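Have a look at the structure below, then the notes.
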Amino acid sequence: DENEDLRQQNEELRREVIEARAAARELELQGTIAAYISGPRFPTDFEPVVARIIGRPPTPYQQEVIVSAGSDDGIRRNAPVVSEEGNLVGKVTDVTDSAARITLITDQSSSVSAVVDETEASGVVRHGASASSLILDRVEKDEMVEERNTVITAGWTTDRFESLFPPGIPIGVVESVGQQDVDLFKRIQIAPLVDFDSLAAVVV
């Protein structure tokens with residue numbers, strides 16, 4: 001009987017510890033999102049919608065997630081999506097009343113106009129060789145790009161058109177830079193700043 005009582009007490013303590021850790025993670029997440037939305041990096045002409053990740057792809061080849069907010073919350077197609085810290089996640093590609101599909105920047109269909117923050121070398125970020133890798137393509141060979149440089153969204157605007165993404169959203173960090181004589185452009189590998197496997201919530 002005493003052993004059974006001790007086992008029950010251990011189970012209760014274990015549940016309390018799990019609940020406390022979950023509450024602490026939730027509080028930290030809310031604080032990070034609030035700091036980003038109220039901080040100087042958040043675009044002034046955008047309204048934030050915070051949404052939870054409620055669906056993940058069944059295979060690594062489907063680079064998309066489902067979030068718990070939709071058109072009833074103000075979400076529209078092609079809206080830019082960032083992590084709780086303000087790093088680029090992707091864009092909205094499908095919307096229902098209460099949910100939305102987010103296509104990640106690592107998807108084969110994704111491409112983002114980008115610049116290297118330190119040197120202003122411009123190019124296009126698209127998917128790399130593996131599911132979680134990215135490359136910065138179309139960068140001229142005479143442009144200066146170095147390892148550990150930060151790649152951000154370009155956010156271009158013309159008289160008639162505007163980029164889907166506002167300027168200055170961090171995308172990734174340069175991992176390697178190479179080029180060959182026969183190449184038209186540099187070969188630049190970048191690591192995304194978002195850990196998509198552990199993503200719990202996003203800001204649309």
Side-chain angles (χ1 to χ4, degrees), residues 29 32-33 35-37 39-43 46 48 53 56-57 59-65 78-93 102-158 161-204:
L29 178 64
T32 303
I33 292 175
Y36 166 62
I37 291 175
R41 287 178 51 209
F42 190 83
F46 283 76
I53 304 293
R56 296 186 181 274
T59 70
Y61 303 103
Q62 294 175 273
Q63 295 293 297
E64 57 188 27
V65 295
N78 292 325
V81 182
V82 298
S83 68
E84 66 270 17
E85 297 173 338
N87 300 318
L88 188 62
V89 170
K91 67 177 181 179
V92 176
T93 50
I102 310 299
T103 298
L104 307 179
I105 56 174
T106 50
D107 188 77
Q108 292 188 8
S109 66
S110 294
S111 61
V112 183
S113 297
V115 295
V116 177
D117 191 30
E118 291 82 356
T119 66
E120 297 187 358
S122 62
V124 176
V125 171
R126 59 181 181 83
H127 72 96
S130 65
S132 60
S133 65
L134 296 171
I135 63 171
L136 180 60
D137 199 7
R138 315 293 293 184
V139 177
E140 299 287 346
K141 292 172 69 173
D142 59 350
E143 295 278 11
M144 180 64 69
V145 181
E146 297 179 344
E147 292 182 15
R148 295 187 294 278
N149 282 169
T150 302
V151 180
I152 61 176
T153 55
W156 51 265
T157 302
T158 67
F161 302 103
E162 185 176 5
S163 170
L164 295 176
F165 303 99
I169 299 177
I171 301 174
V173 176
V174 174
E175 285 188 317
S176 66
V177 182
Q179 64 185 50
Q180 296 181 1
D181 292 339
V182 295
D183 292 335
L184 295 176
F185 303 102
K186 287 182 179 292
R187 299 182 178 185
I188 303 172
Q189 300 282 338
I190 66 175
L193 289 170
V194 174
D195 182 358
F196 296 102
D197 292 333
S198 63
L199 198 62
V202 296
V203 181
V204 183

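We count residues from 1, following the sequence as given. Since the structure is predicted, the reported quantities are computational estimates derived from the model, not experimental observations.
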Taking side-chain contact (heavy atoms from CB on, under 4.5 Å) as the criterion, tell me which of Leu104, Ile102, Leu164 meets it with Lys91. Leu164

Which of these, Val124, Val115, Val125, Val112, sits in a side-chain contact (heavy atoms from CB on, under 4.5 Å) with Leu136? Val125

For a side chain to side chain donor-acceptor pair (under 3.5 Å) check, start with the C-alpha distance between Gln63 and Thr106, then their side-chain angles and the critical distance, and finish with the verdict. CA-CA 6 Å; Gln63 295 293 297; Thr106 50; 2.6 Å; yes

Would you give the length of the straight line joining atom [atom1] of [X] to atom [atom2] of [Y], rounded to the nearest 0.5 angstrom?
X      : Y      : atom1 : atom2 : answer
Ser111 : Arg126 : OG    : CZ    : 9.5 Å
Asn87  : Asp195 : CG    : CG    : 11.5 Å
Arg56  : Leu199 : CZ    : CG    : 6.0 Å
Ile169 : Leu88  : CD1   : CG    : 5.5 Å
Leu193 : Ile152 : CG    : CD1   : 11.5 Å
Ile33  : Glu85  : CD1   : CD    : 10.0 Å

Check the surroundings of atom CD in Gln179: do more than 12 heavy atoms from other residues, nucleotides or ligands lie under 6.0 Å from it?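 Yes, because the 6.0 Å sphere around CD of Gln179 holds more than 12 heavy atoms from other groups.
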
Looking at every non-hydrogen atom in both residues, tell me the closest pair between [X] and [Y] and how far apart they are.
X      : Y      : answer
Val204 : Ala79  : CG1-CB, 3.8 Å
Ile37  : Phe42  : O-CB, 3.5 Å
Gly86  : Pro170 : O-CD, 3.5 Å
Val139 : Ala121 : CG1-CB, 4.3 Å
Phe165 : Gly90  : CE2-O, 3.5 Å
Arg148 : Val173 : CA-CG1, 3.5 Å

Tell me, with the steps shown, if Leu184 and Lys141 meet side-chain contact (heavy atoms from CB on, under 4.5 Å). CA-CA 7 Å; Leu184 295 176; Lys141 292 172 69 173; 5.8 Å; no

Compare all side-chain heavy atoms of [X] with those of [Y] and state whether any distance is below 4.5 angstrom.
X      : Y      : answer
Tyr36  : Arg41  : yes
Glu146 : Val174 : no
Lys186 : Val177 : yes

Please determine whether side-chain contact (heavy atoms from CB on, under 4.5 Å) holds for the pair Phe196 and Ile53, giving the CA-CA distance in whole Å, both sets of side-chain angles, and the decisive distance to 0.1 Å. CA-CA 11 Å; Phe196 296 102; Ile53 304 293; over 6 Å; no

Show your reasoning for whether side-chain contact (heavy atoms from CB on, under 4.5 Å) applies to Thr153 and Ser163. CA-CA 9 Å; Thr153 55; Ser163 170; over 6 Å; no

